[in-house]
Student: 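Okay, here's the structure, questions in a sec.
Here is the naming used below: chain letters follow the sequence lines, and residue numbers restart at 1 for every chain. What's counted below: heavy atoms across the whole structure, side chains too, no hydrogens, waters or symmetry copies.
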Amino acid sequence: MRDYDFTSIEAKWQKRWRDTGLFKVDVKDPRNKYYCLMMFPYPSAALHVGHGRNYIIGDVVARYKKMKGLNVLTPMGFDAFGLPAENAAIKNGIHPRTSTLNNIATMKEQLKAWGVEYDWDRQVTSCLPDYYKWTQWIFLKLYEKGLAYKKKAFVNWCPSCNTVLANEQVVSGACERCDTAVEQKELEQWFFKITDHAQRLLDDIEKLDEWPEKVKTMQKNWIGSSEGVNIDFPVVDSDIILTCFTTRVDTIFGCTYMVLAAEHPRVEDLVAGSPDRDRIMAFVSQVRRGSRIERASTESEKKGIFTGRYVINRMNGRKIPLWIADYVLMEYGTGAVMAVPAHDQRDFLFAGKYGLPIEVVIDDPKEPLTPGNMTEACEADGVLVNSGPFSGLPNREAMEKIADHMERENIGRRAVHFKLRDWLISRQRYWGAPIPMVYCDKCGMLPVPEKDLPVLLPENVEFRPTGESPLKFAEDFVRTKCPKCSGPARREFDTMDTFVDSSWYFLRFISPGLTDRPFDKTDVDNWLPVDQYIGGVEHAILHLLYSRFITKVLCDMGFVSFDEPFKRLFTQGMIVKDGAKMSKSKGNVVSPDGLIADYGADTVRLYTLFIGPPEKDAEWSDKGVDGAFRFIKRLWNLNELIENAPEKGSDAKSSEDLTRKMHQTVKKVTEDIDGEFHFNTAISAAMELVNLVYSGISEKGRGCFGKDLLKTVARNTVLLVAPFVPHIAEEMWEMMNEKESIFKASWPAYDKDMLLADTVEIPVQFNGKLRGKIEVKRGTDDDGVKAAVMSDPQISVHLSGKPVRKWIILKDRLVNIVV
RNA sequence: GCGGAUGUGGCGGAACUGGCAGACGCGCUGGACUUAGGAUCCAGUGGGUUAAACCAUGUGGGUUCGACUCCCACCAUCCGCACCA
């Protein structure tokens, strides 16, 4: 028997899969459709084994579903716009397009070497005009619906990346990419009105019953809805009415002052003419300049300034001072807060610092509070006091009554506020899809007509480390004609956030070649939602939320008929090395190239899957790869084993055991894949089966198995491991005289009646402690079991002299004797 | 601070609805075959003991005939959010 020459065997099958189009589908025939999708990657230099996990998992699922008879669509593409390529261009002068396309070529080779198979005819590359034309089209559709708008706002600015960032891209006040502290800058920017869909994005999470709870919770928290009341406070000696949002309207009678955010639009009007105006505005601009990190820090002491103004609390007619403070955020609620120091910790600290009054309005009748003795705010429930007609009510009940009263008297209105902000999509960078808008001196701002798409990115631009987008200086690009009056006009030179590109790519895979539409509605409706989406949990909020939003918009506009894009989501864990995420800078990257050369792709795949449950992080061990390689060799040598096997087995019982184990293994592997993708235990089950086959070969122990039985077992084993180790499986399948690919064969079935043996070994416990085992016929009744225990000398010694209090007998499973 | 997850041998990890803790693999120990092995095969491998007893699933309690699994309290680590009114 020849050695297992993985290099040539793997090359042979990879070529054959490509030549025969293993995963080619006809989208016009959606019967038994199964859309299996892995998140498409950003084309960075080279993949490491950590990346591989994602693609290998997806490949296993695709191959398994194919063997289950489904019509599997599994495409791949590249999220090819983005900052790194542009930054590299500034450094080394290579055009982002060139480096990106090179990286894509390298990655495709790596994926193929792993034996990860896709329908490459459907490849989408988001940086190419045939794709971004339709990204721009989506922008126009949102603009048409009033869901894309431009406004001047304080935005997150990363001084290192020289661009704005979406809220979702700011992590603890720093840029998610480079960790630089994010600044606030007032700029005119393009937004998508995702907040219009906040409630729906939140409510529909309930529909996603095949998504991980963790991801759903993260999205819920990010959208962050809270219910409360918007209350109007008229400013004394002014026409201005300030509205504040509160979730604790029950504490309204304890409101002793009001606070505005420094960014509040009425600040300037309110302090105009005040003798302290300059001092106040100096404070305001100081707060506005502060970085988000400093401002968000809970540790830092709250700072504020009195405006000299007062507002009226219309519930009791009281005049209360109006302050400006750094702890109030413009981006949440209304940017104005009613302060109740007795019942809100932040207000309590602020009041203490600036000597503002504290008034208790919710009390525990058993332990009344005295404002002077309080060391912290009391945020607990209780009964209202000092609250006019509402005194004496439990506070939860009072909330409703007061809200009703306010709505009747037009003092306030019930309201829901979200943490979710509109999605800031403009980027001051070159390597992205240009925003298809034109500014004409005469006609104003206009969208580029659909027929003029794509707005092409100019190729000949200079990449200079000036911190400004090269597009801005590309005269030929910026200068254009007004689509309405044909007069001189200039183009928008900001590009779109790359998350816009990736928020619809799963639709394009269905109709990758269409030139007159982004996708075909019928086909997309037939194939979507994606049956299985696989990717990293780092996209729990960004990409997965944006994609849900865009899908809902397209659904509302009638372009698609479904409003959630991903039916089932699987988020795999990271592979770490030496306790840290693999990264070039840490120097702990494990490249698949050398491993595949030394052991073959099947071994690398097998180890990657065997390392642990795929949803959890796992530590990579080069040694572990040896174990996988050993299994591959043992699997291969089954060929030789069969050749040398006798025609007839020599021990009927061993043969029965092996047959039973085979059926059990089919059941186990099938259930592990169908369930939570527990490939690690599926593989260990296959190993156990192979181990049992080998145990029949050794001189001692069991007798030898007959040729026919071994053939049956080997055949099933090869089928079971085919999704994990496809190359060796194909080769062995072919050696079994099969003409078609193993992935066209059906997944093996097991026989329920073959799973259980006639006799069972039952553990015998005394007071819950294991003392021995008995072997009885399956189904033996309690008396029979008792008799077996009594007659076993090893076990019955434990009975001597002790009265038995109770027998606990679980049929075929366990005996416990209480003495 | 809030929310979520996870704690099992030297290591990665198994364990059904509460029922033989440590499957499978790595590593390690001994042996066989070898000129040689980082190849292959065989045996062993949680601690403890000549052998038992006994001790072991983060810690401390509880429920139960019986707890990795259920309940209560705590500790540690990781992740997400974080002045959200």
Student: Using atom C1' in both nucleotides, what's the gap between U8(B) and G47(B) to the nearest angstrom?
Tutor: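 These two C1' atoms come out 14 Å apart once rounded.
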Student: Looking at Lys623(A), I'd like to know whether one of its side-chain N or O atoms comes within less than 4.0 Å of OP1 or OP2 on G27(B).
Tutor: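 The answer is yes; a side-chain N or O of Lys623(A) sits under 4.0 Å from OP1 or OP2.
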Student: Look at the side chain of Met687(A) and decide which nucleotide, out of C83(B), G19(B), G25(B), has an atom nearest to it.
Tutor: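 Closest nucleotide among those given: G25(B).
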Student: Could you give the distance separating C70(B) and U63(B) at their C1' atoms, to the nearest angstrom?
Tutor: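 The same atom, C1', in both gives a distance of 8 Å.
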Student: According to a 3.5 Å limit on both distances, what stems of 3 or more consecutive Watson-Crick or G-U pairs are formed with RNA chain B?
Tutor: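 As far as RNA chain B goes, consecutive pairing (with distances under 3.5 Å) yields the stems B:1-7 with B:75-81, B:10-12 with B:24-26, B:27-32 with B:40-45, B:58-62 with B:70-74.
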Student: Among the nucleotides G12(B), C65(B), A85(B), which one has an atom lying closest to any side-chain atom of Ile611(A)?
Tutor: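 Selected nucleotide: G12(B).
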Student: Tell me: CD of Gln345(A) to C1' of C2(B), nearest whole Å?
Tutor: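 The answer, rounded to whole Å, is 15 Å.
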Student: Determine the contact category for Arg634(A): base if any of its heavy atoms lies under 4.0 Å from a base atom, sugar-phosphate if only primed atoms, P, OP1 or OP2 are that close, otherwise nothing.
Tutor: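 Arg634(A): backbone/sugar contact only, no base atoms under 4.0 Å.
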Student: Decide yes or no for Asp602(A) and Arg605(A): does some side-chain heavy atom of the first lie under 4.5 Å from some side-chain heavy atom of the second?
Tutor: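 Yes, their side chains come closer than 4.5 Å.
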Student: Mapping Thr681(A) and Asp344(A) onto RNA chain B by nearest heavy atom, which one lands closer to the 5' end?
Tutor: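 Of the two residues, Thr681(A) wins.
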Student: Under 4.0 Å from OP1 or OP2 of G66(B): is there any side-chain N or O of Asn767(A) that close?
Tutor: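 No.
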Student: For G18(B), does the O4'-C1'-N9-C4 (purine) or O4'-C1'-N1-C2 (pyrimidine) torsion place it in syn, i.e. within 90° of 0, or in anti?
Tutor: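 Anti conformation for G18(B).
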Student: Using the C1' atom on both, measure G22(B) against A56(B) and round to a whole Å.
Tutor: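 Straight-line distance between the two C1' atoms is 11 Å.
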Student: Please tell me if Arg813(A) has a side-chain N or O lying less than 4.0 Å from either OP1 or OP2 of G18(B).
Tutor: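 Looking at the OP1 and OP2 atoms of G18(B), neither is under 4.0 Å from any side-chain N or O of Arg813(A).
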Student: What is the distance, rounded to the nearest whole Å, between atom OH of Tyr607(A) and atom P of G25(B)?
Tutor: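 Nearest whole value for this atom pair: 14 Å.
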Student: Ignoring the backbone of Lys419(A), work out which of C81(B), U40(B), G19(B) is nearest its side chain.
Tutor: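 For the Lys419(A) side chain, the nearest candidate turns out to be C81(B).
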Student: Roughly how many Å is it from CG in Asp617(A) to P in U77(B), rounded to a whole number?
Tutor: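 Rounded to whole Å, this separation is 17 Å.
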Student: Over all heavy atoms of both residues, which pair between Val725(A) and Ile632(A) is shortest? Give the atoms and the distance, please.
Tutor: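 Answer, listing the atom of Val725(A) first, then Ile632(A): CG1-CD1, 3.7 Å.
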Student: Which nucleotide, A85(B), A14(B), G27(B), lies nearest any side-chain atom of Leu329(A)?
Tutor: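 Output: A85(B).
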Student: Taking the C1' atom in each of U40(B) and C33(B), what is the distance between them to the nearest angstrom?
Tutor: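 After rounding to an integer number of Å, I get 9 Å for this pair.
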Student: Do Trp423(A) and Phe499(A) have ring centres separated by under 6.0 Å?
Tutor: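 Distance test on ring centres: not under 6.0 Å, no.
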Student: Report the residue (Met218(A) or Lys773(A)) whose heavy-atom-nearest nucleotide on RNA chain B is the more 5′ of the two.
Tutor: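 With Met218(A) and Lys773(A) compared, the 5'-side residue is Lys773(A).
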Student: By nearest atom, which of the nucleotides A14(B), A39(B), G66(B) is closest to the Arg630(A) side chain?
Tutor: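 Looking only at side-chain atoms, Arg630(A) lies closest to A39(B).
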Student: Which is true for Lys633(A) with a 4.0 Å heavy-atom rule: it touches a base, it touches only sugar-phosphate, or it touches nothing?
Tutor: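 Contact class for Lys633(A): sugar-phosphate only.
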Student: Is there side-chain contact between Trp323(A) and Leu356(A), with at least one heavy-atom pair below 4.5 Å?
Tutor: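 Side-chain contact under 4.5 Å: yes.
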Student: Find the distance Glu688(A):CD to A23(B):C1' and express it as a whole number of Å.
Tutor: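 Value for this atom pair: 6 Å.
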Student: Looking at A82(B), A23(B), C20(B), which one has an atom nearest to any side-chain atom of Gln765(A)?
Tutor: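 Nearest listed nucleotide: C20(B).
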Student: Which one, G27(B), C24(B), U6(B), comes nearest to the side chain of Lys616(A)?
Tutor: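 Selected nucleotide (nearest to the side chain): U6(B).
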Student: In whole Å, I'd like the distance from the CZ atom of Phe679(A) to the P atom of G12(B).
Tutor: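 So the two atoms are 22 Å apart, to the nearest Å.
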Student: For the side chain of Asp326(A), starting at C-beta, report the closest nucleotide among G27(B), C83(B), A85(B).
Tutor: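 Of the options given, the side chain of Asp326(A) lies nearest C83(B).
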Student: Where the side chain of Ile808(A) is defined as all heavy atoms beyond and including C-beta, which of A85(B), G3(B), G19(B) is the nearest nucleotide?
Tutor: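 Given the options A85(B), G3(B), G19(B), the side chain of Ile808(A) is closest to G19(B).
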Student: Without hydrogens or angle criteria, can the side chains of Asp347(A) and Tyr327(A) be said to hold a donor-acceptor pair below 3.5 Å?
Tutor: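 Yes, because at least one side-chain N or O of Asp347(A) sits under 3.5 Å from a partner of the opposite role on Tyr327(A).
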Student: Could you state the atom-to-atom distance from CD of Glu379(A) to C1' of C84(B) in whole Å?
Tutor: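 Rounded to whole Å, this separation is 13 Å.
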Student: With rounding to the nearest 0.5 angstrom, report the CG to OG1 distance, Asp598(A) to Thr7(A).
Tutor: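 Between atom CG of Asp598(A) and atom OG1 of Thr7(A) there are 9.0 Å.
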Student: List the residues meeting ring pair (Phe, Tyr, Trp, His ring centres under 6.0 Å) with Tyr599(A), not counting sequence neighbours, and say none if there are none.
Tutor: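 By the ring pair (Phe, Tyr, Trp, His ring centres under 6.0 Å) rule, Tyr599(A) matches Phe629(A).
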Student: Would you call Lys220(A) and Glu213(A) a salt bridge, taking side-chain N to carboxylate O under 4.0 Å as the test?
Tutor: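 The answer is no: the pair does not qualify as a salt bridge.
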Student: Has Ser684(A) got a side-chain N or O lying under 4.0 Å from the OP1 or OP2 atom of G13(B)?
Tutor: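 No, no such contact exists.
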Student: Can you tell me, in whole Å, how much space there is between the C1' of C79(B) and that of G9(B)?
Tutor: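 About 27 Å, rounded to a whole number of Å.
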Student: With a 4.5 Å heavy-atom cut-off, do Lys353(A) and Lys302(A) have their side chains touching?
Tutor: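 The answer is no, as the side chains (C-beta and beyond) never meet within the 4.5 Å cut-off.
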Student: State the NZ-OH distance between Lys667(A) and Tyr750(A), to the nearest 0.5 angstrom.
Tutor: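 It is 5.0 Å, given to the nearest 0.5 Å.
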Student: For the residue pair Arg548(A) and Leu208(A), establish whether any side-chain heavy-atom pair is separated by less than 4.5 Å.
Tutor: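 SC-SC contact between Arg548(A) and Leu208(A) confirmed.
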Student: Nearest whole Å is fine: how far is C24(B) P from Leu692(A) CG?
Tutor: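 To the nearest whole Å, that distance equals 11 Å.
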Student: Would you mind classifying the nucleic acid contact of Gly627(A) as base, sugar-phosphate or nothing, using non-hydrogen atoms under 4.0 angstrom?
Tutor: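 Sugar-phosphate, backbone atoms only, no base.
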Student: Nearest whole angstrom, please: distance from the P of G25(B) to the CG of Asn691(A).
Tutor: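 Whole-Å distance recorded here is 5 Å.
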Student: Could you tell me how far U29(B) sits from A39(B) if I compare only their P atoms? Round to whole Å.
Tutor: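 Each nucleotide's P atom is 13 Å from the other's.
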Student: Taking atom P in both A43(B) and G10(B), what distance in whole Å separates the two?
Tutor: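 The same atom, P, in both gives a distance of 24 Å.
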Student: Rounded to whole angstrom, note down the C1' distance from U34(B) over to U69(B).
Tutor: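 Between the two C1' atoms, the distance is 50 Å.
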Student: Counting only distance, no hydrogens or angles, is the base of C83(B) paired donor-acceptor with the side chain of Lys302(A) under 3.5 Å?
Tutor: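 Indeed there is one.
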Student: Select one nucleotide: of A85(B), U17(B), C20(B), the one nearest the side-chain heavy atoms of Leu770(A).
Tutor: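 Within the option list, the nearest is C20(B).
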Student: Below the 4.0 Å mark, does C55(B) have OP1 or OP2 next to a side-chain nitrogen or oxygen of Lys769(A)?
Tutor: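 It does, given that an N or O in the side chain of Lys769(A) lies less than 4.0 Å from OP1 or OP2 of C55(B).
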